[in-house]
Every structure is written in C-alpha cells, then in structure tokens.
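Keep in mind the model is a prediction, meaning the values are calculated, not measured.
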Protein chains: 2
Amino acid sequence: METRGQRSDAYHKLREAIVSGQYHPNERLVEASIAQRMGAGRTAVRAALVRLDQEGLVEIEPNRGARVRLISDREALEIEEVRAALEGMLARRAATRVTAEDLSALRQVITKMRERVEAGDSIGYSELNATFHQRIWTAADHPTASHLLGSLKSQGIRFQYQTALRPGRAQRSLREHEAIFGALKAHDEDSAETAMREHLAEVLDTLRWAIESQHRAARWLPG
Amino acid sequence: METRGQRSDAYHKLREAIVSGQYHPNERLVEASIAQRMGAGRTAVRAALVRLDQEGLVEIEPNRGARVRLISDREALEIEEVRAALEGMLARRAATRVTAEDLSALRQVITKMRERVEAGDSIGYSELNATFHQRIWTAADHPTASHLLGSLKSQGIRFQYQTALRPGRAQRSLREHEAIFGALKAHDEDSAETAMREHLAEVLDTLRWAIESQHRAARWLPG
DNA sequence: ATCGTCAATAATGTCGACAATCCGATCGGT
DNA sequence: ACCGATCGGATTGTCGACATTATTGACGAT
C-alpha cells in the first residue's frame, strides 16, 4: 500500500531545506513551486509556511508571500544571549542529574574535540560542540527549555561557524568545555552554571568580534 | 467599502479567547463552529489553529482535530524556570538601560502594589505584578527574549493566580519587587539580576507549594 | 529622458465540494 | 448480558477553481 511516503512532512522537509541552507535568507518561497518540488499539495505547503513563520524561520507578508527570514546581526546576538541564560540553567540542573552514561558520553566527545583541535579541523570541532551541548540538554531533562533552544539554534544557523574563525578560539573553547565537564562530574550546581555561563559569554564575545570584523571587511570591498 | 472588519485576525481572536479562558483545557476546537462563531472561513480558522499549535496553546492530533492544550504541573514549573532564567538576564540588561521614565513608571507601580497589598486585593496585585515585569522587559530592549516570555506567559496563564493564595506571600513579594527596583535605580547589573532571580525562585517555590496543596486537596475530595 | 498610467502576469487568499477518517451507536451472535 | 462487527453521522484533510492583490513592463504625455 502507498509506496510513496507522502505524509504531512511538508513541514519537516521544508524546514530541513531552509536550515541546511538550500534556500537563502530573503529568498522567496513560492507555494506552487515548493509544492511541486516536494510532491505535496499547495495546502500542505501553506500550512508548513504558517508554522515556519510562527517559528521564526520564515516571514509571511500578507498578499506578498513568504520568504526565508533574514536574521539580523543584532538578533543573532540576542539569540546567543537567550541561549546563554537557558543553557546556564540547564547546566545547573544537569549537575544533579547526569548519569554515568552521560558523563562517559561527554568525556568521549571532549576527547574527539581535542583531536579536532590538534588537527586544526574547525568545522569538525563545531559539530562536536553541538553534540556536547545537546547531551547536556538531555541530561538536564527539561523539555520546555530544550525545545526552545532547538528552535533558536536553527534560527542562528547562519552564524554557526562564524565563531570558529577567530584564531586561538578552539583551544580556549576546549578548556571551557573541560571546565563544564569537571563541574558536572563533581555534581556541583553552582560551578556548572558559572562554567557554562562563562563559556557562552566567551562565545558571545567571539560572535561580536566576528560580526564586527565582517563589517570591517565589507567596508574594504564595497559592493 | 466592506463595513465588516473581516481580517485575518481569526488567529488573534481565537488566541484571546483561549488565553482569557473562554475555552477550557482539553476542550475540542471544531473548525466549523469556530469559523461560524467568529465569522471567518474554515480556511482562516485552520491556519490559526496551526499557528496556535506551533505556539503551544493548542494541540492538533492528525485526523482528530484540535483541542486546547493542557499544561501539566510539571510543564508549568518548567515554564517558570525558563522565565526565571530569561528575566534574570533581562533585569541585568535593564540595569544599564533604564530611563528616568522607566524608573518613575516602576515606582508608580510599586506604590499601587503596596495599596493592593494593604487592601488584601490579591488579584489586583497579580495584575500589577504583570505590568511591573513587563515594564522591565521593555526597558531591557530585548525583543527576542520578550517575545519568548510573552508566549510562555500565555501558556502558563492557568496558574497565574495560584501563587497569590499562599498566606503572607504578597508582602514578601512586594519586598522583592522593591529590591529589584532599588537595583535598577542604582544601575547595578549584578544586584538586579540576583534580585530578580531570587524573586523568581520564591515564585517558583510558591508555585510548587500551590500545586502540592492542590494535590493534597484532591486526595481528600476524590471525584 | 522622466514620470505616471495602464495592462499583463504571477502569486496569494478564500471558498465550496468531496474524500478519508474517526467515534459512537446499533445490531446480532454467543 | 456481553462482546465484536458494522453502519451512520460528524469532522478533518485535500484538491481545484476563482477572486484579489501585488509586480512587472510597455506605452504615451509632458
């Protein structure tokens, strides 16, 4: 029965396409073409767009259609700030809840991170970074916050690798992660939260630097 | 020339109706009847429901329709935790950004709060409470966080007045607000954040108490 | 050449109809 | 009386058609 998996995942497909960069910021999202491209009806696509709009990934202007929402520099910084506040809280919670498996998984991630740093592989490092943080989310066992963080993350995706460009950042970042790990291992709530906050404060600074240096570059090569 | 203001505000209307308690948790939301009741087409109502689902106010089960989402006790506590983390950050930001008008507005609110406490008017106090916090949001000038807080608040609406039931709570709450105000007035970031965090930690405790005492009551009067 | 007007086109917004699905009730067998 | 199958009403899901609205480009007046 029904070989084709035509479900209501127009939403998931479209979301994935946007997050993975197949559609660029400000690019128009025409219902008909999307519908055709992913073999769904216009109705389903419309519903997906409404959801994505509510989620902040897409912007719908009445009678003018939908486009991929462009996250401004300022907004990216705000997102990072929110992330810091939320993850600080999660780190605190995680400190009293991490299981042995969590800790061993985290330790493994850190080991791989160290490899990546020594290999000078920034993007590999960034990905491990993401899994490290997400493991803490699950350890914290806090669906509400995790959900929000996931949503914010996909909005900030455009800035994901920007922070890795700063020279020497990876080494420092690695040390910060080790500090977080240590606090979690010791089940020390306060240290865990502060370590996480300090880490994300650094990230925030680095992001500010990246954005600033981007502006500087744009001024040299106008157009 | 359309005298009737039939716009796409099916969403706003429905949202307001849910938040204001016209529809109870778990109540079914039948597209046809809602459409009729608010003079919109089924299409618009459908779109509104999708948005509300994404927003967390409504739950759509495929082929089974939409109902007002019931926020569990656990979730209410999680929401309050997130709120604490976010508002702590906002208080810190506000400390360096409050204007003279902000401060005078806050002072006024506190004055009215004191009146309400002395009059024993818990619900009047709760409303002032909301305006106090929201004024801080605007002072913090942080759209991303404010937006999230607004959304969370409407989800937790069911528990809004629960915390006011605890004896003596209002007096303590008032003192906490005064502390926050003092820190903001002094433009002291650290104090502002800690004051806000301590305040919301108290609120969280009170909420735990309220939920617990509710359970206790339910055990005595089964059914 | 510049500006405004207007038509042609493309895309969105909305409606009605119908198919698919679910829920409850009725009915028959044991 | 109990249980499972079956039918009917109610509701959701989807499609196609059409009206509405923006956008583009051509045209003509100044």
Side-chain angles (χ1 to χ4, degrees), chain A residues 1-19 21-70, chain B residues 1-19 21-71 223:
Chain A
M1 323 87 188
E2 285 272 357
T3 11
R4 47 227 220 73
Q6 177 254 32
R7 44 179 73 272
S8 81
D9 52 8
Y11 164 69
H12 292 288
K13 278 196 196 170
L14 187 50
R15 185 180 203 283
E16 185 53 28
I18 292 173
V19 172
Q22 291 185 241
Y23 295 101
H24 304 285
N26 269 334
E27 182 171 347
R28 282 196 68 185
L29 297 171
V30 179
E31 297 174 359
S33 20
I34 294 173
Q36 188 166 5
R37 173 196 265 231
M38 51 181 63
R42 201 158 76 91
T43 308
V45 172
R46 235 183 130 68
L49 287 173
V50 169
R51 274 169 106 124
L52 291 167
D53 172 88
Q54 190 70 23
E55 198 173 343
L57 254 60
V58 146
E59 194 170 13
I60 297 180
E61 285 173 296
N63 287 321
R64 309 196 54 236
R67 35 184 82 237
V68 179
R69 196 159 83 89
L70 172 79
Chain B
M1 306 301 157
E2 284 273 2
T3 16
R4 46 228 219 73
Q6 174 255 33
R7 45 180 74 270
S8 82
D9 52 10
Y11 164 70
H12 293 287
K13 278 196 197 172
L14 187 51
R15 185 181 203 282
E16 184 54 28
I18 292 173
V19 171
Q22 293 187 239
Y23 293 101
H24 303 290
N26 268 336
E27 182 172 348
R28 282 196 69 185
L29 298 171
V30 179
E31 297 174 359
S33 23
I34 294 173
Q36 189 166 6
R37 172 194 269 230
M38 52 180 63
R42 202 160 74 95
T43 309
V45 173
R46 237 183 126 68
L49 288 173
V50 170
R51 272 167 105 128
L52 291 167
D53 172 87
Q54 189 70 23
E55 199 174 344
L57 254 63
V58 147
E59 193 170 14
I60 298 181
E61 284 175 296
N63 286 322
R64 309 197 52 231
R67 33 184 83 240
V68 178
R69 197 160 81 90
L70 172 80
I71 306 295

* Does a sphere of radius 6.0 Å around CD in B/E27 hold more than 12 heavy atoms from other residues, nucleotides or ligands, not counting ones at 6.0 Å or beyond? ->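 Yes, enclosed.
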* To do: Would you mind reading off the bend of the helix from C/dA1-D/dT30 to C/dT30-D/dA1 from its two end axes, five pairs each, to 10 degrees?
  => 0°
Distance check, rounded to the nearest 0.5 Å: [X] atom [atom1] versus [Y] atom [atom2]?
| X | Y | atom1 | atom2 | answer |
| --- | --- | --- | --- | --- |
| A/L14 | A/R51 | CG | CZ | 12.0 Å |
| B/L49 | B/L57 | CG | CG | 11.0 Å |
| B/N26 | B/R69 | CG | CZ | 11.0 Å |

* Asked: Within the pair A/R46 and C/dT12, is there a side-chain N or O less than 4.0 Å away from OP1 or OP2?
  ->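 No, no such contact exists.
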Without decimals, in angstroms, what is the distance between [X] [atom1] and [N] [atom2]?
| X | N | atom1 | atom2 | result |
| --- | --- | --- | --- | --- |
| A/R67 | D/dA22 | CZ | P | 14 Å |
| A/E27 | C/dA11 | CD | P | 13 Å |
| A/R28 | C/dA11 | CZ | P | 7 Å |
| B/L49 | D/dT11 | CG | P | 14 Å |

* To do: Under 4.0 Å between any heavy atoms, over every strand shown, what does B/L29 touch: base, sugar-phosphate, or nothing? Just pick one.
  => sugar-phosphate
* Asked: Got a sec? Which of residues 56-66 of chain B come in under 4.0 Å of DNA chain D, heavy atoms?
  -> B/P62, B/N63, B/G65
* How would you list, by chain and number, every residue that makes a salt bridge (charged side-chain N to carboxylate O under 4.0 Å, His left out) with A/R42, sequence neighbours excluded? -> A/E31
* **Selected nucleotide, minimal atom distance to B/E31 side chain, candidates C/dT12, D/dT14, D/dG13** =>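 Looking only at side-chain atoms, B/E31 lies closest to D/dG13.
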* To do: Go through the steps for A/E16 and A/K13 under the test side-chain contact (heavy atoms from CB on, under 4.5 Å), then give the verdict.
  => CA-CA 5 Å; A/E16 185 53 28; A/K13 278 196 196 170; 5.9 Å; no
* **Shortest non-hydrogen contact between B/R67 and B/L29, atoms and distance** =>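 Answer, listing the atom of B/R67 first, then B/L29: C-CD1, 4.1 Å.
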* **Exercise: identify the closest heavy-atom pair between A/V45 and A/A40** =>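 That would be CG2-CB, 4.5 Å.
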